[in-house]
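Step one of this worksheet: look at the structure below.
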There are 2 protein chains.
Amino acid sequence: MTTRDPQATALARLAALFADETRAACLLALLDGRAWTASELARHAGVAASTLSEHLGRLVAGGLLAEERQGRHRYVRLADARVAQLVEDLAAQVAPGRTVRPRNLRESSAGSAMARGRTCYDHLAGRLGIAVTDALTARGLLQQETGFALTDAGLAWFESAGIGLDRRGRRPLARACLDWTERRPHLAGIAGAALCRHALDTGWCVRIGSERAVKVTAAGERALFDLLGVQATELR
Amino acid sequence: MTTRDPQATALARLAALFADETRAACLLALLDGRAWTASELARHAGVAASTLSEHLGRLVAGGLLAEERQGRHRYVRLADARVAQLVEDLAAQVAPGRTVRPRNLRESSAGSAMARGRTCYDHLAGRLGIAVTDALTARGLLQQETGFALTDAGLAWFESAGIGLDRRGRRPLARACLDWTERRPHLAGIAGAALCRHALDTGWCVRIGSERAVKVTAAGERALFDLLGVQATELR
DNA sequence: CGGATACTTCGGCCGCCGCCGAACCGTGTG
DNA sequence: CACACGGTTCGGCGGCGGCCGAAGTATCCG
């Protein structure tokens, strides 16, 4: 009050952006890494377009979202990987306590598709993400014993698989991201993003509908087995 | 509204705990890893005891704080390392934008002591934390190239230095924590905590006053130089 | 036992914030 | 040009939540 801690003020202001159910729903939706229009988000969150417009204004002003205007559309996406990580961290903190019991078949099947495989901003998560991470670890390409890092063999593997790693910028090459369905860490960071992009580009997996869920194709099963020894059964 | 996303609800509820300046000030203060009494926090935050009591109730109910009652005192501390990490992450997200210009000499000297060396929950931060992390990296004990992990030599170093690493539990052995004064990652996780505890136990550094700041002793300078080659000049 | 201290509970006040619908603006379309 | 459509602005409403001080409870101390 007389002399407030500016750091506390800033922290509270940032947290306030997450502290609303509608905004939280938007941020979680945007974890798919894609850009959504304002009206899509409004429908998703179940509020009026005018309400959502104000929310987007705050989120953009707060630096959490980046916007891009095209014609009469306003596209927004998470500002950067740092923001995505923050959303993931908060979501992960909250998830362990949840024992979701889906209400009906639609939610149940949607939920199980998400649990099977999904993107987490720009990398793979769900059983798919875990299976890949485990396979990398088992083959000595990734080590989780004394931290979380690619091994030299791992670097070579990415190269030989033709998956380029753009190491400019500050983002860590490999980083652990806690999976909220599996409750175990999976590969994120530059390597995780590159792997996911490669998987989508080459058709190892495809997105299901407009959600974050992804599905492994037959070609993907073959490639994952050939390259990493991932058994198809781990993905179901 | 008809069918709200329970994850969004949970995330918003969690974030709401951080989204108040008074509670944020408490959480940041508790980042020193110690237990504070309710009245200490009330004084620190500049609010009435009754107000703070309600805040503590919420934070405890929300699982962010653990409490311990002793006589007429209510001690609280951060619930665990996970919570501490979340606070750090949020604080780090907010810090880069801040270019603090201290108002007066007291704040200035307090600030520079914090910048020189401090604890970040249970590990070392500030120039001290960075110097140690850099030294570990330069000596090949820690690698940040392909992630963030101790090397085999690093494991051996901890052993030979007599710093035990208790690897039970899920906490990662080594983890990067972004330093909000140096804006670079420093060592956290089990190894970071063990190193910090060792440094305080053996008198390499001592706490300054009741704050998070720590000061490297003459014995500490010698030990850090002998064991890691840290130059005393890096610590000033 | 009586007073001091630490904390909690309660009632009441105030301000902020999320919500909506209506009106408005700008862009694309027949 | 008229119209549809996506988005924004505005006014107004309602509720939540943070704040305080006063009163109450529990503990420690002399």
Side-chain angles (χ1 to χ4, degrees), chain A residues 1-5 8-30 35-62 64-77 210, chain B residues 1-5 8-27 29-30 35-62 64-77:
Chain A
M1 57 171 10
T2 52
T3 49
R4 287 297 227 175
D5 177 359
T9 310
L11 201 165
R13 216 187 293 273
L14 171 65
L17 293 176
F18 293 87
D20 173 83
E21 188 168 356
T22 300
R23 286 194 294 266
C26 293
L27 292 168
L28 287 170
L30 290 164
W36 293 48
T37 66
S39 40
E40 281 171 340
L41 285 171
R43 209 172 321 120
H44 175 79
V47 296
S50 58
T51 302
L52 203 108
S53 177
E54 288 171 6
H55 285 308
L56 290 188
R58 282 164 164 267
L59 290 170
V60 170
L64 296 186
L65 299 188
E67 67 180 351
E68 216 164 318
R69 311 242 177 183
Q70 275 179 26
R72 52 184 173 183
H73 293 277
R74 179 192 205 179
Y75 285 95
V76 292
R77 53 184 166 73
S210 64
Chain B
M1 66 162 12
T2 52
T3 48
R4 288 296 225 175
D5 178 359
T9 311
L11 201 166
R13 215 187 291 275
L14 172 65
L17 293 175
F18 293 87
D20 172 83
E21 188 168 355
T22 300
R23 285 194 295 266
C26 292
L27 292 167
L30 289 165
W36 293 49
T37 66
S39 39
E40 280 170 341
L41 285 171
R43 209 173 320 120
H44 175 79
V47 297
S50 59
T51 301
L52 203 108
S53 176
E54 288 170 7
H55 285 307
L56 290 188
R58 282 165 163 267
L59 291 171
V60 170
L64 295 186
L65 300 188
E67 69 180 351
E68 216 164 318
R69 311 241 176 182
Q70 275 178 26
R72 53 185 173 183
H73 293 278
R74 179 191 204 177
Y75 285 95
V76 292
R77 51 185 167 74

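Reminder, nothing fancy here: chain letters follow the sequence lines and each chain counts from 1.
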Quick one: which of [options] gets closest to the side chain of [X]?
X	options	result
A/Asp20	D/dT8, D/dG18, C/dG18	C/dG18
B/Glu54	D/dT8, C/dT9, C/dC7	C/dT9
B/Arg23	D/dG18, D/dC20, C/dC7	D/dG18

Would you say that A/Trp36 contacts A/Arg77 through its side chain, given a criterion of any heavy-atom pair below 4.5 Å between the two side chains?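 Result no, sub-4.5 Å side-chain heavy-atom pair not found.
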
When you check the phosphate oxygens OP1 and OP2 of [N], does a side-chain N or O of [X] lie under 4.0 Å from one of them?
X	N	answer
B/Thr22	D/dC19	yes
A/His55	C/dC19	yes
B/Arg74	C/dA6	no
B/Arg58	D/dG18	yes
B/Arg69	C/dT8	yes

Across the strands shown, which category fits B/Thr51 at heavy-atom distances under 4.0 angstrom: base, sugar-phosphate, nothing?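 Base, at least one base heavy atom under 4.0 Å.
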
* Asked: For B/Ser39, which contact category applies under a 4.0 Å heavy-atom criterion: base, sugar-phosphate, or nothing?
  ->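 Sugar-phosphate only.
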
Quiz item: What's the spacing between B/Glu40 CD and B/His73 NE2 if we round to 0.5 Å?
Solution: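 Between atom CD of B/Glu40 and atom NE2 of B/His73 there are 9.0 Å.
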
Would you please test A/Phe18 and B/Leu14 for side-chain contact (heavy atoms from CB on, under 4.5 Å) and show each step?
CA-CA 9 Å; A/Phe18 293 87; B/Leu14 172 65; over 6 Å; no

**Asked** Is there a donor on the side chain of A/Arg72 or the base of D/dC5 sitting less than 3.5 Å from an acceptor on the other?
**Response**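 Indeed, a donor on one side and an acceptor on the other fall under 3.5 Å apart.
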
